[in-house]
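Below is the structure I would like to discuss, written out as structure tokens.
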Amino acid sequence: PVLPFFVPPFPVLPFPVLPFPVLPFSRSPVFSFSRPSFFGQCFQKGGAMYSFPTPDLNKPSPIILGIESSCDETAAAVISGRKILSDEIASSADIQSFYGGVVPEIASRAHTDAISAVVSRAVKNAGINFENIDAVAVTYGAGLLGALLVGVSFAKAFAYALGKPLVAVNHIRGHMA
């Protein structure tokens, strides 16, 4: 049978496919430190212009907000260079103990309830305001999918609102660093 319209033999994405990881519908691409050449570039692909915020690479101690939500604890830390300015953790271990272990849906809901307060406390305890942050880093994997989604979604919105770059951090590689 002949179809009245063309059906491509591959999935069509509603956003342009770029040669590096980008979370859809965000003006802040997900940078990894293995691709530093993309910082501050503008280029055109598929009729759309892409531009990226450029962090101050000459700054000796950039201030980075890190967000972690890979399992049952929601954490945020603010660092300046290699100095930890503050770190905050909210655990759902007491709730999880009723079930004999981590229940992914309960962990995700606990992250949703805690993430805003944890980030606010981390920034406040660091003695800075949101405008002082140079970049936002977030765990994008490995971990519980729903829990990671909460952290990545919050970090994307936060970075977008501040106009700051978003840095994707692999949970396993973070342990090795």
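One-based numbering along the sequence shown. All values reported here derive from a predicted model rather than from experimental measurement.
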Side-chain donor/acceptor of Asn132 to backbone N/O of Asn129, under 3.5 Å: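 Looks like yes, one N/O pair under 3.5 Å.
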
Leu149 side, atom CG; Lys156 side, atom NZ - distance, nearest 0.5 Å: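 If we round to the nearest 0.5 Å, Leu149:CG and Lys156:NZ are 9.0 Å apart.
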
To the nearest 0.5 angstrom, please state how far the OG atom of Ser120 sits from the CG atom of Asn125.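 One gets 10.5 Å once the value is rounded to the nearest 0.5 Å.
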
Group every Ile, Leu, Val, Met, Phe, Trp and Tyr by side-chain heavy-atom contacts under 4.5 Å, then state whether Phe130 and Val138 land in the same group.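 In one cluster with Phe130: Val138, yes.
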
Please check this pair: side chain of Asp134 against backbone of Ile63, looking for a donor-acceptor N/O pair closer than 3.5 Å.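 At least one qualifying donor-acceptor pair exists.
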
Within one Ile-Leu-Val-Met-Phe-Trp-Tyr cluster: Tyr140 and Val136, side-chain cutoff 4.5 Å: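 Same cluster.
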
Show the nearest heavy-atom pair for residues Ala107 and Leu144, with the distance to one decimal.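 That would be CB-CD1, 4.3 Å.
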
If I compare all heavy atoms of Val118 with all of Ala75, which pair ends up nearest, and what's the gap?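 Scanning both residues completely, I find the closest heavy atoms to be CG1-C, 4.0 Å.
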
Please check if Leu148 and Ile172 belong to a single hydrophobic cluster, counting links between Ile, Leu, Val, Met, Phe, Trp and Tyr side chain heavy atoms closer than 4.5 Å.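 The answer is no; the residues belong to distinct hydrophobic clusters.
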
One pair to check against side chain to side chain contact (heavy atoms under 4.5 Å, CB included): Ile95 and Ile106. What are the steps and the verdict? CA-CA 8 Å; Ile95 299 168; Ile106 294 172; 3.7 Å; yes

Donor-acceptor contact below 3.5 Å, side chain Glu73 vs main chain Ser92: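 Not a single qualifying donor-acceptor pair exists.
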
Going through the distances and angles, do Glu88 and Ser86 end up as a side chain to side chain donor-acceptor pair (under 3.5 Å)? CA-CA 7 Å; Glu88 292 292 325; Ser86 71; 6.0 Å; no

Under 4.5 Å between side-chain heavy atoms, counting indirect links through other Ile/Leu/Val/Met/Phe/Trp/Tyr residues: same cluster for Val78 and Ile89 or not?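 Per the 4.5 Å side-chain linkage, Val78 and Ile89 are not co-clustered.
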
Check Ala159 against Pro165 and note the closest heavy-atom contact, atom names and distance.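 What the structure gives for the nearest pair is CB-O, 4.4 Å.
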
Does Thr139 reach the main-chain N or O of Gly141 with its side chain, forming a donor-acceptor pair under 3.5 Å?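 Side chain of Thr139 to backbone of Gly141, a donor-acceptor pair under 3.5 Å: no, none is there.
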
Can a donor-acceptor pair be found, under 3.5 Å and without considering hydrogens, that links the side chain of Ser97 to the backbone of Asp94?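 At least one qualifying donor-acceptor pair exists.
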
Indicate if Val123 and Leu162 have the same hydrophobic cluster label, given that clusters are the connected sets of ILVMFWY residues with side-chain heavy-atom separations under 4.5 angstrom.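 Yes, because Val123 and Leu162 connect within a single hydrophobic cluster, where side-chain heavy atoms sit under 4.5 Å apart.
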
Are any of the side-chain heavy atoms of Leu65 and Val119 separated by less than 4.5 Å?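 Yes, at least one pair of side-chain atoms sits under 4.5 Å.
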
Within-4.5 Å side-chain heavy-atom neighbours: Ile133 and Phe158: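 Sidechains of Phe158 and Ile133: in contact.
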
Heavy-atom closest contact (His111 atom, Thr74 atom, distance):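 Smallest heavy-atom distance, with atoms named: ND1-OG1, 2.5 Å.
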
Just wondering, do Lys164 and Leu166 contact through their side chains at under 4.5 Å, heavy atoms?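 No, too far: nothing below the 4.5 Å cut-off.
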
Would the number of heavy atoms belonging to other residues, nucleotides or ligands and lying under 6.0 Å from CZ of Arg109 be above 12?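 It does not: Arg109 CZ has 12 such atoms or fewer within range.
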
